[in-house]
Structures are given as C-alpha cells and as structure tokens.
Amino acid sequence: MFNLLRMDFYRVKRSKSVYVCFGILLLAAMIAFGMIWLLATPRGQEISLRIGMLSLEEVKESAYILEGYDSLNFFRGICLDGGSYNLIFGIWVMLFVCADFQSGFIKNVMALHQNRWNYIGSKVMTAWIVDFCYLVLNLLFALLMNRICGNMVPYVGWKEIIFYLSWIWFVTTAFAALIILVCVLTRSVAAGSLAAVLFGSGAVVRILLGILHMFHRGEWLKYSISMTCELGPGKYTSVKDLYVYAVGFGFLALYTVIAGLVLRKKDI
C-alpha cells in the first residue's frame with residue numbers, strides 16, 4: 001500500500017485541482033472576512049455608508065454581529081458549519097479518484113497491485129493527509145486575516161484549537177471516504193459531483209430531518225457527518241463531547257470497508 005500511497009502523493013503534488021480547490025477555500029474566507037469587516041468595524045461601516053451598502057439603522061444593528069464570537073467560532077462559521085469546506089474538499093476527492101477510472105490508469109494499478117484493499121487504503125490515507133493540510137492552512141489563513149482586519153474577534157487558546165481540529169479532521173475524512181465509495185461504485189464524475197454537493201452542503205440531511213420532524217423523529221441525525229460538523233463541540237467540557245470521535249471513526253471505517261468490498265466485487 002505504501003508504494004500506492006507514494007504514487008498518489010506524487011500525483012497530488014503535480015495536480016492542479018488540489019491547489020485550485022484550496023485557493024477557492026481561501027478566496028471564500030477572504031470574501032467572508034471582507035464582508036464582516038465592512039459590517040462590524042467602525043472603519044468598514046464608514047465605507048459601507050459612503051458607498052450606500054448600509055443605512056444608518058443597519059449600521060447600528062450590524063455593530064453586534066460578532067457579539068459572542070471568537071476566532072474558532074468565526075472559522076467554523078465561514079468554513080465548516082455551512083458545509084462549504086466539505087463541498088469543496090469532496091469535489092477534489094471526486095476529481096482525484098475519478099481520474100483513475102476516466103484515464104484507464106486503474107487497470108495499470110490493479111495489474112501491479114492485486115490487493116484492491118490497498119488501493120482503497122491509499123486513497124483514504126491520501127485524502128486524510130490532504131484534509132489535514134487543508135484544515136490547518138485554512139485555519140492559519142483565517143487567523144492571519146483576523147489580524148489583518150484589526151483583530152475583529154478574540155483569539156482562543158491552543159487547547160480548544162487542537163481539540164476541534166482533531167475531531168473535525170476525522171469527521172471530514174469520513175466524508176471523503178463517502179465520496180470515494182460513490183466514485184468506486186458509480187465510476188462517474190457526475191455522480192461524485194452530485195454526492196459532494198448534496199451530502200457536503202447537508203441538503204440531504206436537512207431534507208430528511210424536515211420529513212422526520214413531522215413524525216417527531218430524527219434526533220439520531222445529529223450523529224450524521226454534516227450535523228456533527230455543524231453542531232459538534234468547539235471545546236472539551238465533558239466525556240459526552242467525545243462522541244464526535246466515534247462519529248468520525250465509525251463512518252470512516254464503514255465507508256472504507258464498503259468501498260473495498262465494492263471494488264473487489266466489480267470488474268475493472
């Protein structure tokens with residue numbers, strides 16, 4: 001598997017999609033910071049009034065827009081909670097995996113590596129490491145933007161950051177494993193893209209939640225990937241907060257095993 005992993009990393013480094021998707025994440029964060037700066041800072045509000053973006057009444061209301069926020073909450077709000085991170089990350093995973101099937105490269109890989117579990121393991125490990133780089137660099141960029149914008153929100157301690165990044169890392173990698181499963185099952189860019197959009201944005205879970213709420217059901221959906229990303233704890237307060245690790249490891253193992261079984265059953 002390590003030979004496959006080394007080959008996958010070589011492909012990742014030479015791939016344009018991994019840098020384009022990361023650039024989109026940074027651009028989205030920059031736009032979010034710019035909009036909040038215009039709404040919530042005195043200098044930004046002055047510019048907003050001058051260009052007619054806000055009225056005087058709206059300026060008074062927007063002065064409290066960041067009340068109760070810290071740097072970690074703000075990072076979550078612009079990236080993870082709304083599903084934009086999973087959507088963009090899922091699209092990259094789809095492009096990375098489907099490229100093997102579109103180019104026919106998968107046949108060469110399977111000719112050299114008969115154990116198809118190694119292929120799935122390599123793809124999941126690659127997504128896991130790229131996910132870590134995306135999260136850490138995105139957080140550092142958000143902290144830098146906060147400093148450039150005049151420290152709009154207070155910073156949090158490193159313990160909160162480590163706790164949050166540690167569990168969100170595994171939950172988002174579990175989402176990557178789901179996209180890998182869809183791509184292996186369908187071998188279709190369209191299906192992979194649709195899965196990234198519908199599951200990454202949380203649209204499927206929200207629709208299902210709305211239906212189940214009519215029957216007073218649906219509490220179990222808080223353990224889904226999208227709801228865990230949105231509602232998971234920002235800091236450790238009790239043992240109950242550790243459920244997020246169970247969600248991440250559980251879905252990661254489940255989707256990885258199913259993807260491996262599908263690849264073993266299907267002809268290349």
Side-chain angles (χ1 to χ4, degrees), residues 1-5 7-8 11-12 83 85-102 104-107 109-132 134 167-209 212 218 220-230 232 243-268:
M1 187 180 75
F2 291 103
N3 289 333
L4 278 172
L5 187 61
M7 181 175 60
D8 280 338
R11 291 177 55 213
V12 167
Y85 178 86
N86 278 338
L87 193 156
I88 300 301
F89 179 54
I91 288 176
W92 173 76
V93 173
M94 177 276 299
L95 292 172
F96 180 65
V97 176
C98 285
D100 287 352
F101 294 98
Q102 284 190 312
F105 184 66
I106 184 68
K107 295 182 179 180
V109 172
M110 291 296 103
L112 293 174
H113 304 274
Q114 298 296 325
N115 191 340
R116 299 186 181 186
W117 288 101
N118 290 342
Y119 178 83
I120 296 298
S122 175
K123 289 293 182 284
V124 172
M125 285 292 294
T126 302
W128 187 56
I129 296 172
V130 171
D131 187 22
F132 178 78
Y134 269 18
W167 70 258
I168 199 66
W169 181 22
F170 285 98
V171 174
T172 49
T173 303
F175 175 73
L178 171 61
I179 301 302
I180 292 172
L181 167 59
V182 173
C183 293
V184 168
L185 182 63
T186 65
R187 306 180 185 185
S188 168
V189 171
S193 300
L194 188 62
V197 172
L198 294 181
F199 291 108
S201 64
V204 171
V205 172
R206 287 186 176 87
I207 292 172
L208 186 58
L209 185 63
L212 292 177
W220 56 274
L221 283 173
K222 72 177 183 178
Y223 300 112
S224 64
I225 290 176
S226 61
M227 294 297 285
T228 300
C229 288
E230 187 171 341
Y243 82 92
V244 290
Y245 291 100
V247 172
F249 283 115
F251 279 114
L252 178 58
L254 176 65
Y255 293 138
T256 300
V257 169
I258 296 176
L261 292 174
V262 168
L263 191 62
R264 287 187 64 189
K265 296 292 183 180
K266 298 192 74 171
D267 294 330
I268 300 301

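Just the heavy atoms: all of them, side chains too, but no hydrogens, waters or symmetry mates, feed the values below.
Using a 30° and 60° split on the angle between ring planes, F89 and Y134 fall in the perpendicular class, above 60°.
With W169 contributing its side chain and W128 its backbone, the two residues share a donor-acceptor pair below 3.5 Å. Here the side chain of S122 pairs no donor or acceptor atom with the backbone of N118 at under 3.5 angstrom.
The distance between the ring centers of F170 and F249 falls below 6.0 angstrom.
L209 places a side-chain heavy atom less than 4.5 Å from the side chain of M227. In this structure the side chain of V257 reaches within 4.5 angstrom of the side chain of W117, judged on heavy atoms. Two residues are said to be in side-chain contact when any heavy atoms from C-beta on lie closer than 4.5 Å; F175 and V93 fail this criterion. Using a 4.5 Å heavy-atom threshold, the side chains of E230 and V205 count as separate. For the pair V247/Y243, a side-chain contact is recorded, criterion being any heavy-atom separation below 4.5 Å from C-beta on. Taking the side chain as every heavy atom from C-beta outward, I179 and V97 never approach each other to under 4.5 Å.
For F199, there are no ring pair (Phe, Tyr, Trp, His ring centres under 6.0 Å) partners at least two apart in sequence or on another chain.
Within 6.0 Å of CZ in F132 there are 12 or fewer heavy atoms belonging to other residues, nucleotides or ligands.
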Output, in order, the C-alpha distance, side-chain angles, deciding distance and verdict of side chain to side chain donor-acceptor pair (under 3.5 Å) for Y85 and D131.
CA-CA 10 Å; Y85 178 86; D131 187 22; 2.5 Å; yes
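A pairwise comparison of heavy atoms in T172 and C229 identifies CG2-SG, 4.3 Å as the closest pair.
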